[in-house]
Amino acid sequence: MNRTCHAIRALWLRRRVHGAAIIGALLLCLFPLLTIWPLTHGLFPAYRLFTAMMFGVWLLLTLSMNLLIGYSGQISLGQAAIVLIGAYLTAILRQQLGLPFLLALVLAGVMTGIIGGVGIGQPAVRLRGPYLGIATFALAVALPQVLKMKPLLPWTEGVRGIHSTPLLLPATLANLLPAEQWRYYLVLLVVLPLTLAFANLMHARLGRTLRALREDELVASQMGINVRRYKTLAFGLSAFYAGIGGGLFFFVQGYVSPDSLGLFDSILLLVAVVIGGLGSVAGSIYGALFLTFQSEVISTLTRWLPNAENMGSMIFGVLLISATLLFPQGLTGFSRRLHREPR
Amino acid sequence: MTFFLQQTLSGIASGSLFAMLGLAIVLIHRSTGVLNFAQGEMALVATFVAWSLLTWSGNPWLATVGALLFAGLLGALLYYWLFRHLQRAGPLPQVMLAIGVYMLCGGALLQVWGAEPRAFGPFPLFQGAPFCAGDLCLSRLDVATLLTALLVMALLNRFLRHTKLGKALRATTEDPLVSSLMGIPVERMFAIGWGLSSAVGALAGLLAAQSLGLDTSTLSAVLLLAFAGAVLGGLESPSGAVIGGLLVGVLKNLAGAYAPAALGNLDLTLAFLLIVLVLLARPEGLLGQRKAQKV
């Protein structure tokens, strides 16, 4: 009982709150106003709301990836498959069963978390390194085929995928703000608390335990850490974040199909987390920024370089190689080195 | 029955490609401890070099030898430039580095050779009537691929067990520090391991491109299943890679042939499901040995 209270308190009480985090959160709350206000409208056209929502989605996904790779030291090559599961569960609960969006999202997140914790966390107790990599890889390869299976067609609608219906708002709310802005605030309402909770959890007992497991499983188990329980918890929590992220992905994109997210996205998530910084929330934020703007930057490059689309993967390759060789701590480590902040 | 045997045979035929690429993966893992996700793309670069040589000279032997030499050099250089710096960093950063090389090679392929498919082979040696026994048939290329895989496996086994260089390679993997104290040039050993594995991978690429056609995604499916096969075999011995690769080929083919059509296409799913089940029962793979953990 005492432990449960402790865990719940750890979600909300943070020992040190950065000023930057508060300012950032405020800015995010006011962001839709910037797209309307005449002075800043030129700088932030309305489609930036979509960009901002996608940033929120990517943030949840980089957090879920970082939880595995950065904090717990587990390899996952199939994270995009977990995200796809979350997106499909949300889509099925909302479109086929008619649940309200937030309820569908939470249910889908919890179900994805259970699938991840039991389905991957349990095998992960036995499988190590490359073997775990192959098992998660297998999931990523198999999932599109499973989603296209004929008996599942009434639920998944096969290759066509599932389209989302617009959000139904009460008239009073709908008159207050345009629908797109309500969508933005809904995403913010989900992403912001989850990010804060993540930061706090990783500073609390859970985060310390996971890092102990990452450093040395054998020593950790000698210290009385239940390896099976904590690995299940790590994979479950990561899958929960991925599932919620997937549900929001469906909500923001308005559409999900078996090929919406594939192996390449799993790898891209990995790249983003490594470039941003392993084992830190700030690193996940940098990683999410990278994922949000990468395609835009590359299509801007095409204006100067004729073949820049092909160079996308070359650029990512060079970024990943230089990040692993030169900045093992990613951008966070780089900025830490600049500020000489003691660790 | 004939149907079953024919399906098994063609499974063995496609499995021998997985076995070849799996040999390269096992060799590099065995001699440097790296899980090389870039193996397929590196092999593909070498295959495209072979294509260029072939269109330039028209001589398949020149193209093959040239591509193998190029691949060996590429592997050794990648080691000296990149992987050497992370030797002691543990598996995760090395996997990231391999994925970086994978993306770099993929991008370079598109940049240099472009995305359109190319005609490549089959070499004159492999053309002609298929070998048949009763109703069961195998094309010459398939037979050649299987024989090459078996030959390379035998050579690698012999090399690793019975030559001085092979023993030095194994010693270096076992303990780099002690090996360097024994006078083994550790970095050169690792470079040789990389070069050799890259050349074996290129051989797989050359054979795969002749049966699957050559474009920038020729090897992506092959790589997936080669990995599965190598891991299934235990990532330890060349024989394990070949047995695992052939097994994956047969499983995938049989799953594709016998899964009820009402379910849709499930060959990859069933193959991988079986692999995961095998791994859960034997986490070190079929031929791998359980290692006691050092404390």
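We name chains A, B, ... by the order of the sequence lines, and we start the count at 1 in each one.
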To check you understand the geometry: which heavy-atom pair defines the closest contact between A/T112 and A/A239, and what is its length? O-CB, 3.4 Å

For the residue pair A/M65 and A/S76, what are the closest heavy atoms and their distance? CE-O, 3.4 Å

Is it true that, when you exclude B/Y79 itself, more than 12 heavy atoms of the residues, nucleotides or ligands shown sit nearer than 6.0 Å to its OH? yes

Parallel, tilted or perpendicular: which one describes the rings of A/F316 and A/F264, with boundaries at 30° and 60°? tilted

Tell me, for [X] versus chain B, whether the close heavy atoms (under 4.5 Å) come from the side chain, the backbone, both or neither.
X      : answer
A/V271 : side chain
A/L77  : side chain
A/I267 : side chain
A/L263 : side chain

Residue part contacting chain A, namely of B/V276, when any heavy atom lies under 4.5 Å: side chain

B/L279 versus chain A, the contacting section by heavy-atom distance below 4.5 Å: both

Using the side-chain contact (heavy atoms from CB on, under 4.5 Å) rule, pick out the option among A/D259, A/V159, A/L261 that qualifies with A/P144. A/D259

Out of B/G100, B/A228, B/A115, B/C105, which one racks up the most heavy-atom pairs below 4.5 Å with chain A? B/G100

For the residue pair A/Q74 and A/R214, confirm or rule out a side-chain donor-acceptor distance under 3.5 Å. no

